[in-house]
Structure formats: structure tokens, C-alpha cells
Amino acid sequence: MEHLKRTVTCGELSSEHLDREVVLNGWVHRNRNHGGVHFIDLRDRYGITQIVIDEDAAPEARTPAEQLRFEYCIAVRGTVRKRPDSMINPEMATGTVEVAAREISILSRCETLPFMIDERSDAREDLRLKYRYLDLRSFSMQRKIRLRHEVMFRVREYMHTQNFYEIETPTMIRSTPEGARDFLVPSRLHPGKFYAMPQSPQLFKQILMVSGFDRYFQLPHCFRDEDARGDRQPEHTQIDIEMSFVSREDVFRLTEGLFAHVFREALDYELDAPFQRFAYDQAMNRFGSDKPDLRFELELTEFSEIASSGEFKVFKDTVANGGVVKALRVPGAAQYSRKQIDELEQHAKIYGAKGLAWMKVTESGLDGGVSRFYTTVADRILEELGASAGDLLLFVGDTWKTACTALGAVRSKLGREMGLADPAKFRFCWIIDFPLFEWNEDAEKWEAAHHLFSMPREEYLDTLEQDPGAVKGDLYDLVCNGFELASGSIRIHDPELQKRIFSIVGFSLEEAERRFGFLLEAFKYGAPPHGGIAPGLDRLVMLMAGENTIREVIAFPKNTVGVSPMDDSPTEVDPSQLDELHLSIVEPRNVEPKSLNAASETSKE
RNA sequence: GGGGGCGUAGCGAAGUCGGUUAUCGCGCCGGCCUGUCAAGCCGGAGAUCGCGGGUUCAAUUCCCGUCGCUCCCGCCA
């Protein structure tokens, strides 16, 4: 095919190239045969060029052209010529020219397609995934994959300029049961033993700090055997970062610089940095979420005090029993029907609320719902919630976390339904001061809320043991438009402090030793103070691409049940493979007692 | 583990309060056509209505079960 190798791509021809003889290689995107004149839209990664086969074109062009069908892979030799003025297509980058074919060669034929390669193709996702190679031919997928590449490139570019080394860590490591379930790899040479796929390079990157590589990054694949979601896959890519001799402020500055660079170079979008910060408690109180969408207002308000002086017994009792009542004022939603409010209530219930109380604000005051219980404090309600006629007021009473979360979910739903969030905006914020420990009701013990190696904020160092629930960690999440994009922390590098943390969560030294003794050992040899962060690449690209699932920005994703429809993995394997690995398959058991020790114990980033 | 949605030609959908030959668009096959760019016109093929069972004279439609995908809670990043 030497003489039919492309000399230009399908995206580059313009009136500058008139009369030039060119060779194009690509796929038949459209085929319009008028009997006399015949048009082909030839497509490659770079664009589309219109090929014309004139009625009097050479048989070397005309004969093969008759056979062309969608997605035939072809080579075309021809001459660039200007289109007649009235035939210029302003929608096309190459729309002022066309290539008059002198020779066409069919490089590869294509069977009837399972779906059209088309921006408007709305084939089911599992079909798209089965024929992913066809799906990826579409310009919309090509754009997303290009964007992903661009983001990865800009990350590497920025990190390099900031003096970071990209260092790879192993993909087969020791199983250190962390927050999530491990994927395991059986060892052939060591019967009965397993490697694990890393949930993140957490321990290795900390050890790299001990090794003196004080600025490390990597774009590793991370594996977690948990149920998938739109924004979650069994296998995802992280922008893993760790730095020595730093405080939280240094990590923030670096991350803000990185994201500003990536958005500027890849999207030509200027981020508003430094990013706003919210303490975890504050974010929960104001937005009912630790990953608030800041593109719209709708903030929650504290209502407990008024609730305890009102007549509504349910709320009075809630407050009397140590719970809280949260309110959400929805401007202009007073016309919501009973049915719409019911739907909001159902939504709140998914998140654990027992109900959703409401009232409407009219010109004459409060009306409907639970308003009759609050006649004596109506003015105070109007004032404290800043309510005015036409507003809908919503309330949830429960434990603090449930009340915030449930009403926060209602806030998000309203934001979506009322179209409050500008899809072209990226509103970043930091969520800081997460609690370090959480009380586990079932196991009746303290657990690491996030990260066993995360540093407590300095002011709690003396009182860790007295009130673990009050201890805030030097932990942070980076949030954008309602998605958690990154989380990180300053790590503990002091073995003594680490022991105190272990003891609070009831972790024996032997247990700690068994699970990640190698890290503790490393810390004995002059570990530097360090910390880091790990943004999720897939989610980042998903947001930048304006998509709703990370599957749209991964070339070959798994579906929600962990199957890859194209290669149909996972599959059974040959018995001889099992033999070599010293494995045998037992029938799945129906009754599987829940392990009590499956709690989140170490790194989660 | 739990809840919601979807499953009808190769693709996307309509239909069905049970009733003759299951409809439309795209694609596919054949023919016509000299300027289209989602080309157009004419003709044609193509569906055990996801699968299994039940109710019924009759089931794509009603009931039960099951499988697949998807969204969500839990879990998890």
C-alpha cells in the first residue's frame, strides 16, 4: 500500500491546498451516491473530508466506490479542489474543499454495524461496551479520550516542573486489608499464598518518603472489590501525590496549582483559586453533605431551637432526645404540589429520614403542612429562615448526621430539578477537619473514620484518648460540583503517636505488626514528616467532559456488575491453571456470616 | 444485602385496560437519481415481543418466577 499511504489527514485540508494531489486513509462515515456524482465523507481521528467521485471519474475510483458501505476502511488518491461557492459547508472544518477521487482502494470491508458511528447514536450502554472499538470511533468518544490524554499529559508536565518524580509502585503487593475488599492474585510458587492488587499505593508512597524522594507522584491503577457505581469502578486511575516536610497548606497550594494548570491547558478554563474551605461540620450543617455542589445556594438552617418551642411533638421529642431539626428554605417553590412534596419526602427517606415536614409561605404568613404547630413562633421562623412569600420550607428532624444528610439529599435533588447548577461552571472547595474517629454502634468501638495513618490536628494531641469523637484529623477532601475529587492527609510519622491511634481503635500491636509491619519498621529509620493527596483521574475527566459516569471517559470500562462486556471477563479458567495455582473451586455458599473485622482500618486514598 | 427503572427486527422507540396480518424511524438488500453533506424517491427482507411457568377460548399485554442491563441505599474512592 506504499503508494496509498496517507499524505494528509481528514481534518487538515483547506483552500491552501488547492490542486494538490493527496492520499487520504480513513473510514467511510457517510456515503451519498447520486447515481452520477457520488460523495463520501471520509473520517479519521482528525476530522472529515468530503470525497467526490465525478461521473466521469477514472474507473479506478468509480468501480470500488460503488461497493462502499458504512465504515469500510479505504484509501483515496485525488486532487484537492474548491467547492462551488453555494456548496461550501460552514459546519465542516474542511467544508470549503473536497477531494476529487482518482483512485480508491478498499483496505478493509465492514459488516452491517450493530449501531451507527454517530453523535446521535443512542445504543444501549452494554451494546456500546460490547463493541467498544466501534463506539470509540465516534467523535464524542474520541474527544473524551483525547481530553483524558491531555489531562494526564498536563499533570505530568506540571508535576515535573514542580520537581516531582514519577515513580511506579508494584501492582502485586501484600494484602493489607484496608477499607475495601482486595482483589487477590494467587501465587503459583507459593501454594496457598496470595498477592493483592493495591487499593492505592498508599503504603508504598509513604515509604518512598522515608527513602528520601520528597516529592513523588504517579498515575496508578487502583483496585477495589466493591460494588460499582456511575462514579466508581473496580479499577480506577488516581493521581497519586506525596510530599515530605510539608503542612496541609503546602499540599493545598500544590494541588490548586495543579488543577489550575490542568483546567487552563486542557479546557482553557480559569479556576477560582485558592479554593474555598469548609470544615466538615460546617459543610454538613450548611449543605447537608461533605461533597457539596456550590454552584447553587439553597443552604440548610438550624431549626432545633424553634422546634423545641413549637407544638410539633415529633420535632420537640427529637430535640429533647439529643437530635436536631434542620430546615431548608426553597425560594419560589410554594406552588409545589402535594405530590411533588411527597416525592421529596420519599427521597429524604432513602437517606434515613423518617419524614419530611413542610410548610408554605404566603403573603399572610405560614400555611399548610406543619404550620399550624408553629403559629406562635411564625414571625421568628420567617425571620430566622429569611423566608418570604412564595417559599417552600422543608424540615427533617433526626440525629445530626441523618437530618443533615437527608435534607442535603433533598437539596441536591431540588438543585437538579430546578436547574440551579450551571453545567459550564467548576466550583471547587476543600473540606477539612474531618473527625478522626467514628463510633461504631454495632461493634461498640472507635474506628478510624477515614485513615489510620492520618495525623490528628495539633490541638487534639494531648486529649486524644479522653474524647476520640471530638478529635479532628489533618484530613482533607477536594470537592467539585458535588463530587469528591480527591482526598488526602498529613500522615503520622511518629511511631509513638501511631501506637496511641492503634490503641484507641483497639488495634493490638501484634495486629498492626502483622498487617503493615514493614511500614512501621520503615518509620523507625528517620521518617520525615509527610503528607499527600490522591485525586481520582476518572472523576476529574468525567467532570471536565461534562459526563455523568466515569465509564464515559475510560476506554474499556467494566459495567456495574464488574463485567467487561467486550472480552466478557471475568471468566472461568482452565482446570490446569487452577491446579498450577493450587486452587479449587467450591460451590458458593448461600449463608455467609458477615466478618466482624471487616472495618476500615488503614489507608483509603 | 435492599429498593426503583428498563428489556418489542441489526439499532432506537411506539403499542398492549387480553382479541385477526405487532407500528414507526434509522440501518440492511434491490432499483432509480449530476451537487449532496442526517441526500432523495420506489420496492423488499428482517421480531419465537429477554427467558420459564401460570390464568384464559385467546397472553407481547394479566399473575408468579428468573436472567440481563441501569440508577440509588448499604458498602466503597
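Worth saying up front: this structure is predicted, and the values here are computed from it rather than measured. Below, chains carry the letters A, B, ... as their sequence lines are ordered, and counting in each starts from 1.
Distance noted for atom P between B:rG53 and B:rU16: 27 Å (whole Å). B:rG7 sits 32 Å from B:rC75 when the P atoms are compared, rounded to a whole Å.
Among the atoms of the strands shown, base atoms are found under 4.0 Å from some heavy atom of A:Gln50. Across all strands shown, A:Asn89 has heavy atoms under 4.0 Å from base atoms, whether or not it also approaches the sugar-phosphate. Residue A:Val52 is classed as having no contact, given no heavy-atom separation below 4.0 Å to the nucleic acid. In this structure, A:Glu235 reaches neither bases nor backbone, as no heavy-atom distance under 4.0 Å exists between it and the strands shown. In this structure, A:Glu91 reaches neither bases nor backbone, as no heavy-atom distance under 4.0 Å exists between it and the strands shown. If you check every strand for non-hydrogen atoms under 4.0 Å, A:Arg81 touches a base. Using a 4.0 Å heavy-atom cutoff across all strands shown, A:Asn559 reaches sugar-phosphate atoms only and no base atom. Using a 4.0 Å heavy-atom distance criterion, A:Gly36 is classed as a sugar-phosphate-only contact. Within 4.0 Å of A:Gln233, counting heavy atoms only, lies at least one base atom of the nucleic acid.
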Any N/O pairs under 3.5 Å between the protein and nucleotides 4-10 of chain B? List them or say none.
unit_1	atom_1	unit_2	atom_2	d
B:rG10	O2'	A:Pro114	O	3.2

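Closest approach of A:Glu256 to A:Phe275, counting heavy atoms only: OE2-N, 3.0 Å.
Listed pair A:Arg181 / B:rA77 fails the phosphate criterion, with no side-chain N or O lying under 4.0 Å from OP1 or OP2. Put simply, A:Arg30 has a side-chain N or O that comes within less than 4.0 Å of OP1 or OP2 on B:rA39. Between A:Arg32 and B:rU36 there is no side-chain N or O to OP1 or OP2 distance below 4.0 Å. Contact between the side-chain N/O atoms of A:Arg224 and the OP1/OP2 oxygens of B:rC75 is not found at any separation under 4.0 Å. Proximity of A:Arg69 to the phosphate of B:rC29: a side-chain N or O atom is located under 4.0 Å from OP1 or OP2.
Summarising the local packing, CZ of A:Arg277 is surrounded by more than 12 heavy atoms from other residues, nucleotides or ligands at distances under 6.0 Å.
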Starting from the C-alpha separation in whole Å, work towards a yes-or-no answer on salt bridge (Lys or Arg N to Asp or Glu O under 4.0 Å) for A:Asp135 and A:Arg132.
CA-CA 5 Å; A:Asp135 189 42; A:Arg132 190 58 153 181; 2.7 Å; yes
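Checked against the 6.0 Å centroid criterion, the rings of A:Phe278 and A:Trp430 do not qualify as a close aromatic pair.
Distance from the side chain of A:His236 is smallest for B:rA77 among the nucleotides B:rA77, B:rC75, B:rU36.
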